[in-house]
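Here's the structure, in structure tokens; my notes come after.
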Amino acid sequence: MPISSLFEQLRRVLIGTPLPTSAHHEERFSNAEALAILSSDALSSVAYATQEIVLVLGLAGSAALGLTLPITGLIIALMLIVATSYRQTIKAYPQGGGSYRVSVDNLGRIPGLVAGASLSIDYVLTVAVSVAAGIAALTSYLPALDGQRVPLCLLALLLVMVANLRGVSSSARLLSLPTFLFIGVVLLLLGTGAIRALGGTLPQLSQAEQARQLAEGLRHHGGHWMAIGPVLLMRAFSSGCAALTGIEAISDSVMAFRPVEWRNARRVLVVMVALLATMFGGISALAQHSGLVAIENGPTLLYQLGRQIFGEGLLLAVLQVATLLILLLAANTAFADFPRLAAFLAQDGFLPRQLSSLGDRLVYSNGIFALSGCAALLLVIFNASVTRLIPLYAVGVFISFTLSQAGMVAHWWKLRQRGWRSKALLNGFGATITAIVGAVLLYSKFSYGAWLVVVAIPLLVSLFLRIRHHYDDVARRLRLAGDKLLKLPAPPTSGGMPTVVLVGQLHRGSFEAIRFARSVASDLVAVHVDLVGNRSPAFVAQWQRQLPDVRLEILDSPYRSLVDPVVAFVQRFEQEHRKDRNRFCMIVLPVFVTQHRWQNLLHNQSTILLRQALREQGTRVVTTVGFYL
């Protein structure tokens, strides 16, 4: 059996059979599924947000740990401000797109691309941090596995990637349970902890043990005791702001909800923020009451809290398993949102067009592969350390928060509908607060790795603009006058070959292929594959205006495959012309020849796959006609 066939069988086992385009409207989230899939990033952050606050405050000794709850309260207040602003964004932009679309529409191209780059970086970091934190929960319970942290992270990443490649419905059914299990066990932890704290039976770390652990943590950190000052408090606050990442996920994916999309999205956002504030605040309160300490690469704070409240029993194991699963599922939020963001950017010409194509299971599979590769690289580079990854985290998302809210102010100003002033004031307040917090995050985290994000955002924006320039240049060189009748050479009087020419769009490149085919064809037919299921009315109308003398066949492709419909049509065409065995049928494929090799990545290069498939089925004459860009 050919290797390609074995690969295809394995692919079908792991991912499933292709879904028709007509099923796309069925691939939507119910509210419960949306809460599980789109809120998991935000909700899972309670597993490490308090820990990161405590870890920084611990550098100033035990006295600073009493500031854990006030800092948590500030972050929760910020959370409510951001969520209220995003409720307005969801209703104003029910088609989704989040910060990128809002910024492009209201602030211009460059601010929109900055928002898109910031969110892209944050989604990659979401995957890396979530997977690393999930495996940290596992190694806290099973310390013997600590040396295999990176391989375990890569394995977990692979499993999440495969689950997402299976599609919305499959991943929702598969991945909803961990979220609800985590919510249930954390609320049980908080309830039990509150009862025991009020009853005076909740164990507290002794001052001597607390001091010993703080000193050990300081040795791991390789530093000296710090005074409680503005810089320390800003660092603790900025580390805890990781709890806000994921709030924007719902506004990016409004179209993933069932009708009425924007109304359901707003309901889920309210439930998510209520749960997030309750769990985050409760964990911080109990951690401060118990005097717990966090150490880099040591047992997680949530694990220590669970051991204090549940003891070394079954409930502690359930807590750790639920934490592991939801942190892996938190990565799934980025897998739901990053491919959509990449598709928006690709549709606008700022990323390769392939990222806007739906895969076999009605998901943007190329975006899923890109996200997985980038996250895997980060996990290897940073040795799967949550503490080393956190300084890069949240800076990008606060930039996108600020641009989104500023864009909404411009949106209300332009529309000036009833009540626009109060809406603009709310979004303006949100933009101001998130801008201030973003500046604090950048200042406090800059020397700890945030400078990488500052460098990466302009580099990404430059890449976006370079790609768009290439596509604009290609479009300019390919453009034909839309209403001009195109002249073709006369067909051969004798000795011609039955010929099929594949045409995606009618432009200079495909016209050159048609001219060549006409010069050698005794029977010429042009074939266009309808990948979106609307029979391509605009293309057909253009064809009838400009090339009425060439027969055009529109091939349906319910599974969005370019290869399968063409191969099936060529088989039928060859069978019709087999009466004369001395005559060959010829298939003509237009192909772009780019100036630089990297530019090949910006085009589908479907000619290679088509040529291989046609030769495998026995077609003997396959010709490419190059158009030099």
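Note that the structure is a prediction, hence the values are computed from the model and not measured.
With a 4.5 Å cut-off on side-chain heavy atoms, Val525 and Pro498 do not count as touching. Proximity of Leu177 to Leu325: side-chain heavy atoms (C-beta onward) are nowhere separated by under 4.5 Å. The closest side-chain heavy-atom distance from Ser557 to Leu562 is not below 4.5 Å. No side-chain heavy atom of Val500 sits under 4.5 Å from any side-chain heavy atom of Glu553. Arg508 is listed as a side-chain neighbour of Leu480, based on a closest heavy-atom distance under 4.5 Å. Between Phe369 and Met161, the closest side-chain pair of non-hydrogen atoms falls below 4.5 Å. Side-chain contact between Phe539 and Leu506 is present, with at least one heavy-atom pair separated by less than 4.5 Å. Side-chain atoms of Val102 and His411, non-hydrogen and from C-beta on, never get closer than 4.5 Å to each other.
Remark: Arg353 is positioned above the aromatic ring of Tyr471, its terminal NZ or CZ atom under 6.0 angstrom from the ring centre and at most 45 degrees off the axis.
Remark: the backbone N or O of His469 is not paired with any side-chain donor or acceptor of Asp473 at under 3.5 angstrom. In terms of modelled atom types and a separation under 3.5 Å, the side chain of Asp122 and the main chain of Gly396 share no donor-acceptor contact. Panel note: side chain Asn366, backbone Gln354; a donor-acceptor pair is recorded below 3.5 Å. Between the side chain of Gln546 and the main chain of Lys484, a donor-acceptor pair closer than 3.5 Å is present. With hydrogens and angles ignored, the 3.5 Å screen pairs a side-chain donor or acceptor of Ser44 with a backbone N or O of Asp41.
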Hey, mind stepping through Asp530 and Leu555 against side-chain contact (heavy atoms from CB on, under 4.5 Å) and telling me if it holds? CA-CA 6 Å; Asp530 176 21; Leu555 305 183; over 6 Å; no
side-chain contact (heavy atoms from CB on, under 4.5 Å) for Leu488 and Asp549? Distances and angles first, verdict last. CA-CA 9 Å; Leu488 293 172; Asp549 295 336; 5.5 Å; no
Trace of the side-chain contact (heavy atoms from CB on, under 4.5 Å) decision for Ser39 with Thr179: CA-CA 9 Å; Ser39 302; Thr179 300; 5.9 Å; no
Evaluate Phe516 against Ser519 for side-chain contact (heavy atoms from CB on, under 4.5 Å), listing each step before the verdict. CA-CA 5 Å; Phe516 166 75; Ser519 68; 4.3 Å; yes
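Counting all heavy atoms, side chain and backbone alike, Ser118 lies closest to Ile457 at OG-CD1, 3.4 Å. When all heavy atoms of Ala115 and Ser99 are compared, the pair lying nearest together is CB-O, 3.9 Å. Between Met272 and Ile247, the shortest heavy-atom distance links the atoms CE-CA, 3.9 Å. A pairwise comparison of heavy atoms in Arg615 and Val622 identifies NH2-O, 4.2 Å as the closest pair. Closest of all the heavy-atom pairs between Val503 and Ala526 is CG2-CB, 4.2 Å. Nearest heavy-atom pair across Ala384 and Cys153 is CB-SG, 3.6 Å.
Rounded to the nearest 0.5 angstrom, Arg468 CZ and Leu602 CG are separated by 13.0 Å. To the nearest 0.5 Å, the span separating CG on Leu154 from CD1 on Ile135 amounts to 9.5 Å. Gln544 contributes atom CD, which lies 8.0 Å from atom CG of Leu552 (distance to the nearest 0.5 angstrom). Residue Gln88 holds its CD atom at 12.5 Å from OG of Ser251, rounded to the nearest 0.5 Å. Rounding to the nearest 0.5 angstrom, the gap separating the CZ atom in Phe182 from the CG atom in Leu324 is 11.0 Å. One distance of note links CE of Met408 with OG1 of Thr89; it measures 4.5 Å at 0.5 Å rounding.
With a 6.0 Å radius and a threshold of 12 heavy atoms from other residues, nucleotides or ligands, Gln505 has its CD atom at or below the threshold. For Arg466, the CZ atom counts as loosely surrounded, since its 6.0 Å shell holds 12 or fewer non-hydrogen atoms of other residues, nucleotides or ligands.
For residues 343-352, the set of pairs meeting the side chain to side chain donor-acceptor pair (under 3.5 Å) definition, not counting sequence neighbours, comprises Tyr100-Asp348, Arg101-Asp348.
Ring geometry for Phe573 versus Phe569: interplanar angle under 30°, hence parallel rather than tilted (30 to 60°).
Here His507 and Phe627 keep their ring centres 6.0 angstrom or further from each other.
Residues forming a ring pair (Phe, Tyr, Trp, His ring centres under 6.0 Å) with Tyr86 (at least two apart in sequence, or on another chain): Phe401.
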